[in-house]
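Numbers here are sequence positions counted from 1.
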Amino acid sequence: MSDAATIDELLSHLNPQQRAAATHGDQPLLIVAGAGTGKTATLVHRVAWLIASGVSPDRILLLTFTRRAAAEMLRRADGLLRQLGHPGATRVWSGTFHAVATRLLHRYGKSVGLPSQFSVHDRADSEDLMNVVRSDLQLAKLDKRFPKKGTCMAIYSRCVNARQKLDEALDRYFPWCKEWADSLKRLFDGYVERKESAGVLDYDDLLLFWLAMLTEPAAGDAIRQRFDCVLVDEYQDTNTLQADILYALSPEGKGLTVVGDDAQSIYAFRAATVRNILDFPKHYPDATVVTLEQNYRSTRPILDMTNRVIALARERYVKNLWSERVGGQRPRLVHCEDEADQAEYVIHRVLEHRESGVDLRRQAVLFRASHHSMLLEAELSRAKIPFQKFGGLKFIETAHVKDLMAFLRLAENPRDPVACGRLLPLLPGIGPGKARQLTDLLIRGGGDFDAWAQWRPPAATAEIWPSLVALLRDLAATSDDLPSQVHRVRKFYTPLLEAHYDHAEPRLRDLEQLETIASRYRSRTRMLLELTLDPPSSTQDLAGPPHLDDDYLVLSTIHSAKGLEWDAVYVIHAADGNIPSDMALHDADELEEERRLFYVALTRAKNFLYVCHPLRYFRPGHGDQHGYSQRTRFLPKQTLDGFDQCTTDPPDLDDSSDAAGATGVTSRSIRRRMSDLWR
């Protein structure tokens, strides 16, 4: 495989900048990959080139932000290598930061005091455990306004991931919670102690313990010596803790490659920081920066406009995206009368494109916040246009799925208080207080379900209690295959689900699908870890390709649209207060992130781009009271030359309506006045 002609064949489809990045040597490398410039292809070819050049696959670490991204990259790299007669890339270490951390903690965790077996809580379970400690400390009784569990968890996670003192985090991100700083310190201490006693880790712990292992001499050296090359995708989305892990993993930067686009850093609410990618050359002064600018997605008119928008960013890597696709419709800035007019315009254009051959699913409506699409959703339903909305609750976060998973998690770790706290109140006759007593009883009994077998349940619980204990005992000791375990739990849980939830049938179908999903995992431990670390959005994510009978329009928040593309994109509510969000108007850094978010929306379009600006907004519940909006500040005058500006088309009038048109009264305006009655 050292044959130069063979390696040239491997790289034959890359442009010069992509090739330079793929074949870079050992010095630290930053690939600044603009939107649609073939970032994934470049990273895939770099992995393949490293292996073809003699690097052992099991000495390569590939860090991504989703399991799917890692699997897809390795599949493509493996295909490239096998075409050339190479064994492939299947032995590459790959996965999300949290998944790789879990794998390393199982191997080296004893060096930092971790037990050989530990459970991992997802965000919702962590919030529940935080709430248990919050209740134990009676913080809400002392002050009814004390922050709820979700806010407490957000503050805690911000401190950990941003490596930030509590007082600093409160000053910057949670100023309304500053008066409870001392109580929050007590809460967080109690939360950490409770996790340790229960043998559980949360998402943040996985990264914290990974970093701790890297700073411990024996384990740190062992981990660093495992890898010759480290590659990180979507580096602009990393937080400070992840950057510290990378610095400790590769102190000199030898064999280190990071890929990302500062212009698409949009996850500060998750503690991600654009500083990581902007400051990479400062941390590694001998780093090489390769910029990818040839865009393979959008037409040149779209790119000319998006370049103008991002050029106004306060700090950035300069890149001017270009395309060989020189033709195409110029982007349109559409001034709409109001929200209803905006919805009418979008629907008209969507159907127009559909008639010209652009399927509904190749079109997307993007918006800053989920509620921005409410009126449009109603109008789409009225027009009988099918749509799917993205950015909502994930499948694994639904109540019934979490209930079933609690049975499996408790069998895996009987000391898990959150699993107990979720499962026990499902039973008749057991409330939160009794559930807490039973949780303590099980923990004091060392996690042996005999402690529950000896408990005398109340009359309402007496019939079901022996069956529950027997089920959990069997699950804890079983060697049955995983689908059989899920099947047993599902049968036991079905009457409880029907008693607790409305619309039981679709929930039961989800659980049947979960039983099918279980067949894909070697063990219960593996399934619990993977579904916690990288949860699917729906059952289709793990059950094979979706089977849809019809076409559908895509509605999506901009955050959920990142990394995707459509032939036609409609960005709605391009008005100050919506884009950018009014919550970001008083902070310069947040405002810059809002600019990047708008840029992400614009760069999703391949052929057609519409940016809609409603000129006025009605105030719900106030009759015809309304306010006039300002076009988003991200489209100042110097950007407008990149658009064709237009207003929405007036309705067609027949000959009999001339008089009405002359007076300015139309059927449309009459309908608007009528709708004011119930706005």
Side-chain angles (χ1 to χ4, degrees), residues 11 14-50 53 55 60-65 69-70 73 77 94 96-97 224 227-268 272-295 307 310-311 313-321 562-563 592-593 596 599-600 603:
L11 306 169
L14 302 185
N15 66 40
Q17 290 73 33
Q18 291 173 328
R19 186 182 181 114
T23 60
H24 182 74
D26 285 341
Q27 295 302 104
L29 171 66
L30 167 61
I31 305 172
V32 180
T37 57
K39 167 184 70 71
T40 300
T42 304
L43 198 54
V44 164
H45 281 79
R46 178 145 180 79
V47 171
W49 182 84
L50 288 169
S53 299
V55 179
I60 296 175
L61 173 61
L62 173 62
L63 293 167
T64 64
F65 272 79
M73 287 184 195
S94 68
T96 65
F97 271 87
R224 279 185 286 272
F227 306 113
D228 294 327
C229 299
V230 178
L231 302 94
V232 185
D233 189 23
E234 303 285 10
Y235 191 59
Q236 79 281 347
D237 293 334
T238 54
N239 58 45
T240 303
L241 178 54
Q242 289 167 323
D244 286 346
I245 289 170
L246 198 64
Y247 299 153
L249 189 60
S250 185
E252 308 299 326
K254 184 178 180 181
L256 176 62
T257 299
V258 300
V259 185
D261 182 7
D262 56 297
Q264 297 186 71
S265 178
I266 59 173
Y267 294 117
T273 172
V274 71
R275 297 284 3 140
N276 287 347
I277 191 168
L278 292 175
D279 294 343
F280 186 85
K282 297 178 184 177
H283 192 86
Y284 297 107
D286 57 343
T288 298
V289 179
V290 176
T291 304
L292 307 184
E293 296 180 301
Q294 183 175 356
N295 180 283
N307 284 336
I310 201 60
R314 184 179 61 193
E315 185 179 5
R316 70 185 184 111
Y317 288 104
V318 176
K319 52 188 173 297
N320 291 297
L321 303 187
K562 184 173 175 289
E592 283 301 299
E593 175 152 325
R596 296 192 294 267
Y599 173 78
V600 166
T603 53

- Query: Would a distance-only check, ignoring hydrogens and angles, find a side-chain to backbone donor-acceptor pair under 3.5 Å from Y284 to L30?
  - Reply: no
If we ignore hydrogens and angles and just use 3.5 Å, is the side chain of N276 paired with the main-chain N or O of N239 as donor and acceptor? yes
For the backbone of A41 and the side chain of Q18, can you confirm whether one donor and one acceptor N or O come within less than 3.5 Å of each other? no
In terms of heavy-atom contacts, I266 and D237 come closest through N-OD1, 4.3 Å
Taken to the nearest 0.5 Å, the spacing of T603 OG1 from N307 CG works out to 10.5 Å
Separation between CD1 (I310) and CG (L321), nearest 0.5 Å, reads 10.0 Å
Subject >> Heavy-atom side-chain proximity of T238 to V258 below 4.5 angstrom >> reply: no
Note: T291 and V318 closest approach over all heavy atoms is CG2-O, 4.4 Å
All heavy atoms of A263 vs all of K319, minimum pair found to be CB-NZ, 4.1 Å
Query raised in the report: Is there a side-chain contact between L43 and L62, using heavy atoms and a 4.5 Å cut-off?
Result: yes
Rounded to the nearest 0.5 angstrom, the CZ-NZ distance for R596 and K562 is 11.5 Å
Report task. Compare all side-chain heavy atoms of I31 with those of L292 and state whether any distance is below 4.5 angstrom. Result -> yes
Test item: V259 and T42 side chains (from C-beta on) under 4.5 Å apart, heavy atoms: no
Exercise for review: Check for a donor-acceptor pair, side chain of R46 on one end and backbone N or O of H24 on the other, with a separation under 3.5 Å.
Suggested key: yes
Heavy-atom closest pair (E234 atom, F65 atom, distance to 0.1 Å) is O-CE1, 3.5 Å
**Request:** For the pair E592 (side chain) and R314 (backbone), establish whether a donor and an acceptor sit closer than 3.5 Å, ignoring hydrogens and angles.
**Result:** yes
* To do: Could you tell me whether a side-chain N or O of D262 sits under 3.5 Å from a main-chain N or O of L278, the two making a donor and an acceptor?
  => no
Self-check item: Donor-acceptor pair, side chain of D279 and main chain of K282, under 3.5 angstrom
Solution: no
For T23 and W49 the tightest heavy-atom approach is O-CH2, 3.5 Å
**Study point:** Heavy-atom side-chain contact between D286 and P28 under 4.5 Å
**Key:** yes
In terms of heavy-atom contacts, D261 and Y599 come closest through OD2-CE2, 4.4 Å
Short side-chain to backbone donor-acceptor contact, Q264 and V600, under 3.5 Å:
no
dist T64:OG1 -> D233:CG (nearest 0.5 Å) comes out at 6.5 Å
Value for OG (S265) from CZ (R275), rounded to nearest 0.5 Å, stands at 10.0 Å
Could you walk me through whether L256 and F280 pass side-chain contact (heavy atoms from CB on, under 4.5 Å), step by step? CA-CA 11 Å; L256 176 62; F280 186 85; 3.9 Å; yes
d(L63 CG, Y235 OH) to nearest 0.5 Å is 11.0 Å
